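The next block holds one structure in the form of structure tokens; read it before the comments.
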Amino acid sequence: MQSKFIVFEGIDGSGQSTQAKLLADYLMSHDISVWLTKEPTLESEAGQRIKKILKGELPAPADPLEMQRLYVEDRRHHVNKIQGRLATGDWVISDRYLLSTIAYGAGMGGDYQQLIEMNQGFPVPDLVFYLDLDPKLAMERIHGRGRGQEFFEYEDKLRRIREIYLRLRDNYPNIKTIDGSKSIEEVSSMVRNLLMLD
Ligand code: ADP
């Protein structure tokens with residue numbers, strides 16, 4: 001079977017890591033070589049800076065585009081590795097890719113059009129599974145039923161990010177939307193169906 005480049009996208013808590021791993025396990029159990037990877041890689045120089053910012057060891061740039069530039073730089077390094085793996089016949093499954101940069105960057109106030117432009121020229125995945133989920137449910141999965149102000153702010157942020165994902169579906173090819181509120185087993189079965197693996 002021809003190797004494929006598969007991506008999982010969605011807001012935090014939508015189940016991407018869970019599904020990326022389940023698909024990798026399924027393929028490996030059928031003797032298909034898989035490279036399971038994620039973004040940010042935190043491996044490149046830009047990735048190291050992202051890591052420090054996320055840990056609070058470096059201040060986050062005030063401009064959301066500045067932060068996303070680091071993600072884009074980290075992706076250049078990632079894409080080299082992805083292409084190397086695909087060339088050897090491995091399947092590549094990535095937990096997040098360029099739609100995350102645009103959705104999170106714009107959701108945090110960055111300019112949508114500029115984010116689209118910054119992300120041009122990257123290889124197009126064979127399939128992107130966008131796991132669509134209500135932010136309220138995502139929050140419950142991540143934190144339980146939080147009540148404090150910071151939870152409202154977080155939920156609000158996820159709501160804006162989801163809106164951008166929904167808008168991005170019209171601008172990018174090969175995106176399949178899956179209802180992320182379904183059970184883990186139902187979602188993974190839909191993923192396999194869409195890949196015609198079952
Ligand atoms: P993400 O990578 O999108 O942030 P995860 O895959 O880490 O999300 O999932 C977040 C949490 O939600 C985990 O505790 C996971 O077990 C749970 N979870 C994932 N998918 C589902 C699902 N379809 N139904 C219920 N819980 C789920």
Side-chain angles (χ1 to χ4, degrees), residues 4-29 34-43 47 50-51 53-56 60 64 67-68 70-71 74-75 78 82 91-108 119 125 127-148 150-169 172 174-195 197-198:
K4 284 191 163 68
F5 174 25
I6 310 289
V7 169
F8 285 88
E9 288 279 2
I11 59 171
D12 300 347
S14 61
Q16 302 154 79
S17 331
T18 306
Q19 293 300 331
K21 175 148 195 336
L22 281 175
L23 178 60
D25 289 347
Y26 177 89
L27 291 169
M28 287 189 285
S29 73
V34 180
W35 186 44
L36 177 59
T37 179
K38 67 185 295 177
E39 290 199 0
T41 72
L42 307 179
E43 281 174 10
I50 297 171
K51 194 175 186 171
I53 293 167
L54 295 178
K55 282 164 93 181
M67 184 71 186
Q68 297 310 325
L70 293 175
Y71 280 82
D74 183 51
R75 178 164 315 112
H78 194 206
I82 291 172
W91 282 48
V92 175
I93 301 174
S94 186
D95 175 355
R96 299 194 177 282
Y97 189 56
L98 61 83
L99 298 185
S100 287
T101 311
I102 303 168
Y104 279 73
M108 288 165 169
N119 282 285
L127 215 46
V128 176
F129 293 109
Y130 164 60
L131 307 182
D132 186 49
L133 187 63
D134 186 314
K136 216 181 224 28
L137 193 49
M139 294 280 297
E140 283 170 19
R141 283 186 189 170
I142 306 169
H143 295 294
R145 287 161 204 275
R147 287 279 176 267
E150 68 184 289
F151 285 95
F152 285 120
E153 278 171 19
Y154 186 34
E155 191 178 320
D156 222 46
K157 189 178 106 182
L158 292 182
R159 210 166 285 289
R160 288 195 302 274
I161 295 167
R162 183 196 196 188
E163 276 163 22
I164 315 281
Y165 268 122
L166 295 173
R167 193 166 150 196
L168 283 168
R169 292 185 305 181
Y172 283 87
N174 305 345
I175 302 179
K176 298 280 183 197
T177 301
I178 293 184
D179 179 356
S181 70
K182 303 280 187 214
S183 73
I184 291 177
E185 195 32 64
E186 282 171 303
V187 174
S188 75
S189 161
M190 280 187 257
V191 165
R192 290 194 304 273
N193 274 330
L194 288 164
L195 282 166
L197 291 170
D198 275 335

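Indexing begins at 1, ligand by ligand and atom by atom, following the structure's order. These numbers were taken from a predicted model, which means no experiment stands behind them.
Contact annotation for Ser183 and ligand 1: only backbone heavy atoms (N, CA, C, O) come within less than 4.0 Å of the ligand. Counting heavy atoms under 4.0 Å from ligand 1, residue Gln19 does not touch it at all. Contacts between Leu131 and ligand 1 below 4.0 angstrom, taking non-hydrogen atoms only, are absent altogether.
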List the steps and the verdict of side chain to side chain contact (heavy atoms under 4.5 Å, CB included) for Asp12 and Tyr104.
CA-CA 10 Å; Asp12 300 347; Tyr104 279 73; 2.6 Å; yes
Step by step, work out the salt bridge (Lys or Arg N to Asp or Glu O under 4.0 Å) result for Glu163 and Arg159.
CA-CA 6 Å; Glu163 276 163 22; Arg159 210 166 285 289; over 6 Å; no
With ring pair (Phe, Tyr, Trp, His ring centres under 6.0 Å) as the test, would you mind laying out the steps for Tyr172 and Tyr97 before giving the verdict?
CA-CA 12 Å; Tyr172 283 87; Tyr97 189 56; 9.8 Å; no
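Of all protein heavy atoms, the one lying nearest to atom 22 (C) of ligand 1 is Arg141 NH2, 3.2 Å. Remark: minimum distance from atom 7 (O) of ligand 1 to any protein heavy atom is reached at Ser17 OG, 3.6 Å. In this structure, atom 10 (C) of ligand 1 lies nearest to the protein heavy atom Gly13 CA, 3.9 Å. Atom 8 (O) of ligand 1 has Gly15 N, 3.2 Å as its closest protein atom, hydrogens excluded (heavy atom only).
If you number the atoms of ligand 1 from 1 as listed, the ones under 4.0 Å from a heavy atom of Lys182 come out as 22 (C), 23 (N), 24 (N). Near Ile11, meaning under 4.0 Å from one of its heavy atoms, ligand 1 places the atoms 3 (O). Less than 4.0 angstrom separates some heavy atom of Thr18 from each of these atoms of ligand 1: 5 (P), 6 (O), 9 (O), 15 (C), 19 (C).
To the nearest 0.5 Å, atom CZ of residue Arg75 and atom OG of residue Ser100 are 7.5 Å apart. A distance of 8.5 Å separates NZ in Lys4 from CG in Leu127, rounded to the nearest 0.5 Å. Atom CG of residue Asp156 and atom CZ of residue Phe151 lie 14.5 Å apart, to the nearest 0.5 angstrom. A distance of 11.0 Å separates CG in Leu197 from OG in Ser188, rounded to the nearest 0.5 Å. The distance from atom CD1 of Ile50 to atom OH of Tyr71, rounded to the nearest 0.5 Å, is 5.0 Å.
Residue-to-ligand polar distances keep Asp12 apart from ligand 1: every N/O pair is separated by 3.5 Å or more. Below 3.5 Å of separation, one finds no N or O of Val187 facing any N or O of ligand 1. The shortest N or O to N or O distance between Gln16 and ligand 1 is below 3.5 Å.
Cation-pi geometry between Arg169 and Tyr130 is not met: the NZ or CZ atom fails to fall both under 6.0 Å from the ring centre and inside 45° of the normal.
In this structure, atom 14 (O) of ligand 1 has no protein heavy-atom contact shorter than 4.0 Å.
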